[in-house]
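Working notes for the structure below.
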Amino acid sequence: MSNVIVFCEHQNGNLKKGALELLSAARGSGLPVSALVIGPGANELAKQAFQFGATKAFTCESKDFAAYNSELYASVVERAIKNSGASILLASSSMLARDLFPRLAARVGGGLVSDCTELAFAGGAPRVRKPLYSGKCTAGVEFKGSGLKIILMRPNQLPVANPDSGKTGEIVPLDVAPMDLKTLVKEVVRGASEKLDLTEANIIVSGGRGLKEKENFKLLEELADVLGATVGASRAVVDSGWVPHGMQVGQTGKTVAPTLYIAVGISGAIQHLAGMTGSKVIVAINKDPEAPIFQKATYGIVGDLFEVVPVLTKEFRKVLQ
Amino acid sequence: MKIYVCIKQVPDTETKLRLKPDNSGIDDSAIKWIMNPYDEYAVEEALKIKTEIPAAVVTIVSVGPKKRVVDAIRTGLAMGADEGIVVDAPEHLDSYLTAKALAAAIKGDGAPDLVLTGKLAIDDNNAYVSQGVAEFLGVPHATVISKMSREDGRITVEREVEGGSREIIQLNGPCLIAANKGLNTPRYASLPGIMKAKKKPLKELDLAGLGINPAETRVAYKELQLPAEKPPTKMISGDVGQQSSELVRLLREDAKVL
Ligand SMILES: Cc1cc2nc3c(=O)[nH]c(=O)nc-3n(C[C@H](O)[C@H](O)[C@H](O)COP(=O)(O)OP(=O)(O)OC[C@H]3O[C@@H](n4cnc5c(N)ncnc54)[C@H](O)[C@@H]3O)c2cc1C
């Protein structure tokens with residue numbers, strides 16, 4: 001019998017929104033749904049998965065799993081897959097999942113597609129689409145053979161169903177045989193930002209060379225604070241050393257798909273567009289009416305960002321607070 | 001020391017894309033092919049090691065239609081790599097079989113001390129092949145690497161993850177590293193390099209010879225679509241105050257995203 005397993009990432013004691021989206025989608029499939037939660041607190045987190053439709057949860061509480069280690073994670077996930085007999089695995093297209101699941105797909109001989117933007121079920125079979133060639137087109141995905149199908153979805157693409165607080169399920173703890181590890185995670189250096197990562201953010205405010213100098217990113221941070229947004233950047237400003245590479249959006253940076261993307265002083269070079277045209281609503285603020293970003297924008301403001309952004313921040317603050 | 005660098009040829013981002021009439025794929029007659037940008041970092045890293053260890057042999061491996069893929073391999077050779085291996089394969093072999101073919105080609109050639117790749121190919125962004133090659137070779141991997149150092153057969157790498165956090169990872173023994181931007185600055189091929197590349201050894205293999213059956217693909221792309229026509233951009237006029245309040249109104253009432 002076909003069934004779905006959802007790999008649930010979590011942060012600060014809650015399942016991430018991407019995981020809730022996938023649990024909601026899986027429930028809509030009509031197939032039995034199990035969750036896979038790894039790391040300290042997994043058993044408690046499994047309860048959240050039950051409220052979103054999982055009837056079983058594979059968990060691994062071991063503190064060895066507090067930080068991601070590809071070898072350890074692969075061994076426990078392989079166990080969960082075998083144990084569940086799942087034919088479909090869903091996970092967010094996160095840094096962790098994109099590192100882990102290809103290895104696993106190769107191990108179990110399954111098919112994998114990452115960076116997917118559409119997922120629906122028809123008669124228990126997943127219908128998936130993903131962008132190709134930096135978003136210049138999209139393609140449907142055809143899985144061949146009877147092996148495991150692994151689908152990594154971009155966050156913020158699917159609706160989250162209402163939780164049912166009365167629902168519970170069965171917890172299946174997984175233990176890991178001791179392994180001779182060749183990979184050691186020496187240290188995890190936490191980033192300064194407490195905000196959602198660009199790849200998960202619902203709203204992004206991005207700045208380009210039009211900001212003139214590093215210090216002026218403060219303008220965007222203020223705007224982002226009011227909106228609860230994450231700040232991104234073009235490559236031009238990353239290369240100038242104003243902001244770290246982790247903030248770069250585009251072909252050689254991050255691919256983002258927020259509900260709202262505000263591009264400030266960004267011209268809209270094709271390599272930048274490659275990373276953000278999946279955004280639902282795009283606002284462009286630029287003093288050059290000919291800037292290519294305006295062709296991709298939903299709303300455009302031609303003007304000097306140093307005048308527009310402070311007023312706009314005030315305006316948002318007025319209505320949002 | 002044997003270093004293998006797996007590379008892929010991809011359409012240049014600037015290339016205008018047209019679909020085949022039946023939407024089964026892209027029309028590749030007018031495409032300009034380049035080496036996948038992330039693979040350039042992988043080649044450069046191998047060449048940096050070769051500078052420190054002149055006896056190291058750097059081999060470029062690529063799977064794809066031979067007639068075009070050899071150009072990308074020659075680019076790697078012109079940058080300074082020693083040898084090339086091309087595995088002739090049909091267009092759009094899936095990631096699973098591509099990884100199998102690369103691993104088989106490497107195994108058949110020698111015992112790798114290090115395998116380098118780009119973190120992903122910018123055509124389908126799947127990021128599967130690197131870890132697949134590592135799995136089929138039975139070596140550990142680390143992906144999205146922007147810093148790397150070597151000491152006594154151990155490699156220490158830095159991987160940037162969400163929220164600007166960084167993982168510092170140590171790998172013991174042979175391993176696969178997938179390069180991110182920032183790892184180094186890839187060199188350009190020099191003119192003498194390009195001349196020399198023509199005489200460097202290039203081994204030609206095919207899938208059948210590696211025991212790989214193209215019918216065993218796991219994933220195929222179908223029903224390609226160009227993005228839907230975007231509605232025209234709404235330009236907001238007026239003074240700064242009017243522009244701002246109108247934008248906030250549109251986002252709340254029209255787009256309903258706030
Ligand atoms: C292989 C490759 C990969 C690349 N990858 C990426 C990538 O991942 N991401 C990326 O972003 N780029 C990437 N690029 C670079 C890209 O081609 C552009 O150079 C870059 O995006 C430009 O950044 P920008 O828009 O900030 O700067 P510019 O193009 O210089 O644009 C600045 C804009 O600011 C506007 N401006 C100036 N002053 C003001 C003001 N006071 N008020 C309002 N507007 C103002 C100007 O009108 C202009 O439109 C890549 C390039 C290559 C070759």
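Within every chain, numbering begins at 1; the chains are lettered A, B, ... in the order of the sequence lines, protein sequences first and strands thereafter. All values derive from a computational prediction rather than experimental measurement.
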Quick check: are there more than 12 heavy atoms from other residues, nucleotides or ligands sitting under 6.0 Å from CD of A:Glu78?
-> yes

Can you name the residues of residues 280-288 of chain A that have some heavy atom under 4.5 Å away from a heavy atom in chain B?
-> A:Lys280, A:Val281, A:Val283

Would the distance check show the side chain of [X] and the main-chain N or O of [Y] forming a donor-acceptor pair, the cut-off being under 3.5 Å?
X        : Y        : value
A:Arg103 : B:Tyr128 : no
A:Asp197 : B:Glu162 : no
B:Gln131 : A:Arg98  : yes
A:Lys182 : B:His141 : no
B:Asn126 : A:Leu112 : yes

Which is it for B:Tyr38 and A:Thr252 under the side chain to side chain contact (heavy atoms under 4.5 Å, CB included) test, yes or no, and what are the steps along the way?
-> CA-CA 8 Å; B:Tyr38 292 108; A:Thr252 44; 3.8 Å; yes

Among B:Ile122, B:Leu17, B:Asp124, the one residue meeting side-chain contact (heavy atoms from CB on, under 4.5 Å) with A:Leu132 | B:Asp124

Is chain B contacted by the side chain of [X], its backbone, both, or neither, given a heavy-atom distance below 4.5 Å?
X        : value
A:Thr255 : side chain
A:Gln271 : side chain
A:Leu198 : neither
A:Thr138 : both
A:Asp99  : both
A:Asp239 : side chain
A:Leu96  : backbone
A:Glu187 : both
A:Lys149 : neither
A:Leu260 : side chain
A:Thr298 : backbone

Please assess A:Glu142 against B:Tyr221 for the test side chain to side chain contact (heavy atoms under 4.5 Å, CB included), listing each intermediate value before the final yes or no.
-> CA-CA 6 Å; A:Glu142 183 181 353; B:Tyr221 298 128; over 6 Å; no

Please test B:Leu251 against A:Phe316 for side chain to side chain contact (heavy atoms under 4.5 Å, CB included), starting from the C-alpha separation and ending with a verdict.
-> CA-CA 10 Å; B:Leu251 290 174; A:Phe316 278 125; 3.7 Å; yes

Taking all non-hydrogen atoms of both residues into account, name the closest pair between A:Cys137 and B:Pro227 and its distance.
-> CA-CD, 4.3 Å

A:Met247, A:Glu71, A:Glu200, A:Lys296: which one forms the most heavy-atom pairs within less than 4.5 Å of chain B?
-> A:Lys296

Can you confirm whether [X] sits close enough to [Y] that some side-chain heavy atom of one is under 4.5 Å from a side-chain heavy atom of the other?
X        : Y        : value
A:Ile203 : B:Leu258 : yes
B:Arg218 : A:Phe143 : no
B:Arg166 : A:Val188 : no
A:His245 : B:Asn180 : yes

Is the shortest distance from a Lys or Arg side-chain nitrogen in A:Lys144 or B:Asp94 to a carboxylate oxygen in the other one below 4.0 Å?
-> no

All pairs passing side chain to side chain donor-acceptor pair (under 3.5 Å) where residues 241-258 of chain B contributes a residue, at least two apart = A:Tyr299-B:Asp254, B:Lys234-B:Asp254, B:Glu246-B:Arg249, B:Arg249-B:Glu253

Side chain to side chain contact (heavy atoms under 4.5 Å, CB included) between B:Leu247 and A:Leu312: does it pass, once the steps are laid out?
-> CA-CA 8 Å; B:Leu247 175 62; A:Leu312 190 57; 3.8 Å; yes

B:Lys181 versus A:Gln248, side-chain donor and acceptor atoms under 3.5 Å | yes

